[in-house]
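As structure tokens, the structure follows; a few thoughts come after it.
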Amino acid sequence: MLGVNLLFAGFALTLNGIAYRSTTMDNRVKAIANILVGLVIGTNAIFQTSQSAAFWQFGFAAAMWMFSLNYFLIAAHILLKAADWKIFGIFSGFAAIVSLIFLGETIFIVIVDGAPDLIPMIYLWVMWMLLWLQNCLAVFSKAIDKLSPFTLILNGVASTFIPGALILLGVILL
């Protein structure tokens with residue numbers, strides 16, 4: 001389920017990055033795409049949690065719930081034509097802190113339990129923490145906001161789409 005979730009997240013992040021400043025893209029369709037991605041990821045996260053045996057698997061389910069809510073918030077802002085994205089910024093700040101906590105826990109598991117197969121998770125938690133931190137700061141700073149399209153596309157490809165494909169192919173996190 002994680003690989004599928006990451007592929008969908010990669011699609012949504014890349015779509016949102018490309019559409020960030022585009023006036024030619026229909027925002028209603030973008031909102032519906034975000035809702036559908038949020039539903040797929042949220043539903044899969046429920047099944048992922050019920051099958052999780054290890055702590056790191058639960059951590060990923062938590063991340064998927066954060067991604068799911070993230071896409072619902074984006075869709076709500078778009079559909080309601082909200083000019084103020086502070087709720088999204090605050091949520092992104094919260095998600096960055098949660099990512100930092102799970103990053104620390106993953107590093108601890110790798111070091112203490114000697115689990116080198118979880119090293120890709122360290123990379124993912126760092127990328128997601130940076131994504132959400134940048135989103136939080138972008139809402140409150142126009143200078144940082146200029147980086148948003150690039151951050152979304154980079155994370156869409158490097159921290160969700162490629163890892164999702166590698167997981168589905170059985171290359172990482174077997």
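Predicted, not measured: the structure shown is a model, and the values here were computed from it.
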More than 12 heavy atoms of other groups within 6.0 Å of Phe8 CZ: no
Asp145: salt bridge (charged side-chain N to carboxylate O under 4.0 Å, His left out) partners, not counting sequence neighbours: Arg21
Criterion side-chain contact (heavy atoms from CB on, under 4.5 Å) on Thr160 and Asn155, from CA distance to verdict: CA-CA 7 Å; Thr160 53; Asn155 260 284; 6.0 Å; no
Those residues that, when tested against Trp132, pass side-chain hydrogen bond (donor to acceptor under 3.5 Å, both in side chains) (two or more places apart): none
CD1/Ile87: more than 12 non-hydrogen atoms of other groups inside 6.0 Å: no
Non-hydrogen side-chain atoms of Met64 and Asn44 separated by less than 4.5 Å: no
Leu154 with Leu133, same ILVMFWY side-chain cluster at under 4.5 Å: no
Sub-4.5 Å side-chain heavy-atom contact between Ile122 and Leu118: no
Met66 side chain near Ser99 side chain, heavy-atom distance below 4.5 Å: yes
Aromatic plane relationship, Phe94 with Phe91 - under 30° parallel, 30 to 60° tilted, over 60° perpendicular: tilted
Verify same cluster id: Ile144, Met127 (apolar side-chain graph, 4.5 Å): no
Nearest non-hydrogen partners of Ile78 and Ala31, listed with the distance: CG2-CB, 3.8 Å
Shared hydrophobic cluster for Met121 and Ile97 (ILVMFWY, side-chain gaps under 4.5 Å): no
Side-chain heavy-atom pair Leu131, Leu13 within 4.5 angstrom cut-off: yes
N/O donor-acceptor pair under 3.5 Å between Ser141 side chain and Leu137 backbone: no
Side-chain heavy-atom pair Met25, Leu15 within 4.5 angstrom cut-off: yes
Spacing of CD1 belonging to Ile172 relative to CG belonging to Leu166, to within rounding of 0.5 Å: 5.0 Å
Minimum-distance pair of heavy atoms, taken over all atoms of Cys136 and Ser92: N-CB, 3.6 Å
Reported CG-to-CG distance for the pair Asn135 and Leu73, which is rounded to 0.5 angstrom: 11.0 Å
Side-chain heavy-atom pair Ile41, Trp65 within 4.5 angstrom cut-off: no
hydrophobic_cluster_shared for Ile153 and Phe161, side chain cutoff 4.5 Å: no
Under 3.5 Å: donor-acceptor pair, side chain of Gln134, backbone of Thr151: no
Phe88, CZ: over 12 other non-hydrogen atoms inside 6.0 angstrom: yes
Least distance between heavy atoms, Ala12 atom then Val37 atom: CB-CG1, 3.8 Å
Interatomic spacing from NZ in Lys142 to OG in Ser148 - rounded to 0.5 Å: 9.0 Å
Single-linkage hydrophobic cluster Leu80~Leu36, side-chain heavy atoms < 4.5 angstrom: no
Donor-acceptor under 3.5 Å (Asp84 side chain, Lys86 main chain): yes
Atom of Leu152, atom of Gly17 and distance for their closest heavy-atom approach: CB-CA, 3.6 Å
Shortest non-hydrogen contact from Leu103 toward Met129: CD2-CE, 4.5 Å
Spacing of Ile167 atom CD1 and Ile162 atom CD1 [to the nearest 0.5 Å]: 12.0 Å
Flag if over 12 foreign heavy atoms under 6.0 Å of CZ, Phe140: yes
Sub-4.5 Å side-chain heavy-atom contact between Phe72 and Ile35: yes
Leu7 vs Leu168 side-chain heavy atoms within contact, under 4.5 Å: yes
Test item: Trp128 side-chain N/O and Ala63 main-chain N/O as donor-acceptor pair under 3.5 Å: no
Rounded distance [0.5 Å steps], CG in Asn34 versus OH in Tyr71: 7.5 Å
Distance, nearest 0.5 Å, that separates CG of Leu130 from CH2 of Trp125: 13.0 Å
Asn5 versus Ala45, closest heavy-atom pair with distance: ND2-N, 3.9 Å
